[in-house]
Every structure is written in structure tokens, then in C-alpha cells.
Colleague: 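Here it is, the structure, as C-alpha cells.
If you're wondering where the values come from, they're calculated on a predicted model, not measured in any experiment. Lettering follows sequence order; numbering is per chain, from 1.
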Protein chains: 2
Amino acid sequence: MQKEKLKKGEVTRQALEDAAVELFMEQGYHATSMRQIADKAGLALGGIYNHFKSKDEIFEAVIVDKHPYKKILPLIQEAEGETLEEFLGNATRIVINELTSQQYYVKLMLIEIAEFDGVHGSAMLKELVPNVLPVFERLVKTRKELRVVNPVVLLRSFIGMVLSYMITDIVISDSFLSKLMPSNMLDAYVDIYMHGVLKGDSLNV
Amino acid sequence: MQKEKLKKGEVTRQALEDAAVELFMEQGYHATSMRQIADKAGLALGGIYNHFKSKDEIFEAVIVDKHPYKKILPLIQEAEGETLEEFLGNATRIVINELTSQQYYVKLMLIEIAEFDGVHGSAMLKELVPNVLPVFERLVKTRKELRVVNPVVLLRSFIGMVLSYMITDIVISDSFLSKLMPSNMLDAYVDIYMHGVLKGDSLNV
DNA sequence: CCTACCGATCGGTAGG
DNA sequence: CCTACCGATCGGTAGG
């Protein structure tokens, strides 16, 4: 992945973060021990503390460094589509594909909320919003087919839609309900996001 | 709340569940100790094990007993509205109001996913779906204004919409973004759910 | 339902 | 970066 030569210290640090993110997403934060992280990264417990001051510091580093938006944003900007409908549909599929392949990050966000009450969320938003909001601002300006013209509302509802798909998917996936779901559930989700559950148009937003 | 006389054993059990749900939602599951639960419920550590075999059993009991759908379902059925638009709007506001007042349950669901990987979710759905799905089936049958005619899709998207509002609200609430949100965000959310982000109608679902 | 205890494991550190 | 250790706390139990 990394093309530049990394100093050994940096390599170990990355190995620790990689080990941690995998364990966190499997077990949550408090159920994951520093010893497990050390083992998985291939060093002794004490060695961790050359790179991180505490367990909490590992979690913070992971939340920032592993955020998938850096990977996703360029993909969205490459998304094609004649109409806005095609574009939005493709963009959503790209995001959800990327997030399911690195499913860990959605899990991390849920751990953040469940175990930390969202305390690191503010720092994360401070990095995310300045980079992502402009994309939605440009969208609102150039696309007349949008009913929703507030970029913040559009951003929140888009992220919310993706989240809601992924979370319900986790809960449903190993239950009897999964058999009742249509195979094109993702398409139906995107369709509802774009056109709503009701027939006919509305007036104001 | 309870009108019938409860045996003392049952009273203690409820006190334990009440203490547990509060601690779980504040700290998560693994960060909450049996001693904390005992203290909050007003008995000694050992006393817990007269009512629950393990910590996990407390969590399971809480997930089932504290599920808010029993409280919410009757409220929805009382929801008024001439048009389907009014009805859906009112229903959504009722659900979200109820969930924010007992915010704990959304937190419990996130703990479930974050710390247990959703293992108790299947049992929860087995109780929820048979009671809630019929409501959506009836809705699809009687209301011609719906574009989405698959009750399962409608149910999932409705729950997903509520979840996405509540989760983004938690993350945003104590960050700079909350100032950028419009005051009628909830209305905008419901509006998007009903009519989508795009102008104009679509064809198929 | 409480007291007193169990072995196990936790996050973190000293010292090299 | 490892070895060996610290005090604290964990979930759970025996015995009354």
C-alpha cells in the first residue's frame, strides 16, 4: 500500500494500528486488551508504550488514520452518470461497496458512540466536514434537479442513509429476516433516498 | 408504572435491570461491572446471582424487556392524519420523540452491534417483526399513495431512517456542526424520507 | 440476600 | 523493544 520507505518506528506503529482496528471491530474497545494488540502486532506488551501512551490514544489514532473518506472521496468524484439520478445511484453504491469491504470503520463509529458516548466524534467531524461538505455544496449549485438545497442537510441525510443501510444490514444479516429481503435491497434504498416512499411531488423543503 | 403488586423477587429483578440499562447506556457493556450494577440497585454483588446467572444474561434480559416498540406501537396506531403524508410525518415524530426520551434503547442497540457483533439481534427481531410488520402490511394495502409496496422494504427503510437521524444526532450534537443544522432538521428528514432528495417522480421500485 | 473469597486478567511501568 | 512486575479490578462462587 505505502510506496515510500517508512522508518521502522513508523512500520511498527502502523502494525499496531492495524492489529488494533481488527480487534476493536471484532470485540469492541473494552473487551480488547493491550496484550492482544501486542500479540497480533508481533511485539511484547511493553513495546506498545514506545508508540502510544495509552489504550485510548490507540483508539484515537485509529479513528483518525483509518477514516475511509480519504479513499472514498476520489472514487465519488470519478463516479459517472448523465443524470443526477445516475450519479447519485453510482456514488451511493461506491460508498457502500467501499464501506462493506472495509466494514471496520462503521463498526468503529458504533464503538465510539456505544463505549465513548461520541467523545471523539467532534475531532473526526472537524477533519471530515471541511473536505466533504464542499462536494455537496458544489452539487447543490450545479444540479437543478435537487429538491434539497441545503448542503448540510444533504450531507447529513446522505451519510445517514448509508449508515442506516449498513446497520440494518448487520442486524438483519444472520436472522430469518434476511430471506425476506429483496435481492436488490440496495437499489431500493437508493431509490427511496432519491424519490421517497410516497408518490407525487411535494412543495417545500 | 406497574400497577399490579409484584413479588419482592420480581421487584429486585426490575431494579437490577433498571440499574443495568442506565449503566450500559452510559458506559457500554464491558466497561460496566457487576459491582456497579449491584450498588446502583441497592444490593450486594453476590445478590445479583439470585436473579441472573451471568452478566450476559442481564444484557439479554434488558434487550428484550426494555424494547420500546411495545410502548411505541400503540402510539403510532393512534397517530392521526388526513393524508398519508400527515400520518407518516406524525408517526415519525412520535417514534423519534419516544426514542429520544428513552434514548437508552438506541444506545443498547449500538452496544449490541459494537460489543456483541449483533448476536442478540436475531432474538430481538423474532419478537419485533411479527408485531410490527403487520402494521406496514396494512399500510401498503390501504394506502395507494405509496410508491414502495414491499412491506419489508418499507419497514426496514422506516427503522433505518429513524436510526440514521438519531445516530447522526448523537455524533453531531456536541460538535460545531450542530450550529450549522437547520432548526427544523427533523421535518427535513421526514420530508426526504417521503419525497426524496430529487425533484420529479420516478417509475419503478 | 450478604460476606468473604477465588483465580484470572487488566492497563501500565521500571529497569535494562 | 523485552522481561518481570505492580496494584487494581474483574466475573463469579461457597457457605451461611
Colleague: With distance as the sole test, does B/Q36 use its side chain to make a donor-acceptor pair with the main-chain N or O of B/S33 at under 3.5 Å?
Modeller: yes
Colleague: Nucleotide range of DNA chain C contacted by chain A, 5' to 3', under 4.0 Å to a heavy atom?
Modeller: C/dC10 to C/dT13
Colleague: Tell me, do A/M124 and A/V64 make a side-chain contact under 4.5 Å, heavy atoms counted?
Modeller: no
Colleague: Between A/E115 (side chain only) and A/Y29 (backbone N and O only), is there a donor and an acceptor less than 3.5 Å apart?
Modeller: yes
Colleague: What does D/dG16 pair with, Watson-Crick or G-U, if both distances are under 3.5 Å?
Modeller: C/dC1
Colleague: Using heavy atoms and a sub-4.0 Å distance, could you list which residues of residues 49-57 of chain B are near DNA chain D? By number, please.
Modeller: B/Y49, B/S54, B/K55
Colleague: Judged by atom type as modelled, is there a donor-acceptor pair below 3.5 Å linking the side chain of B/E57 to the main-chain atoms of B/K53?
Modeller: yes
Colleague: Between B/H195 and B/E85, is there a side-chain donor-acceptor contact under 3.5 Å, judged purely by atom types and distance?
Modeller: yes
Colleague: I'd like to know if the side chain of B/Y165 pairs up with that of A/S164 as donor and acceptor (distance under 3.5 Å, no hydrogens or angles considered).
Modeller: no
Colleague: Can you see whether A/T92 engages A/Y189 through a side-chain donor-acceptor pair at a distance of less than 3.5 angstrom?
Modeller: no
Colleague: Quick one: label B/I48 by what it contacts on the DNA or RNA (base, sugar-phosphate, nothing), any heavy atom closer than 4.0 Å.
Modeller: nothing
Colleague: Between A/R13 and A/E17, does any NZ, NE, NH1 or NH2 come within less than 4.0 Å of an OD or OE carboxylate oxygen?
Modeller: yes
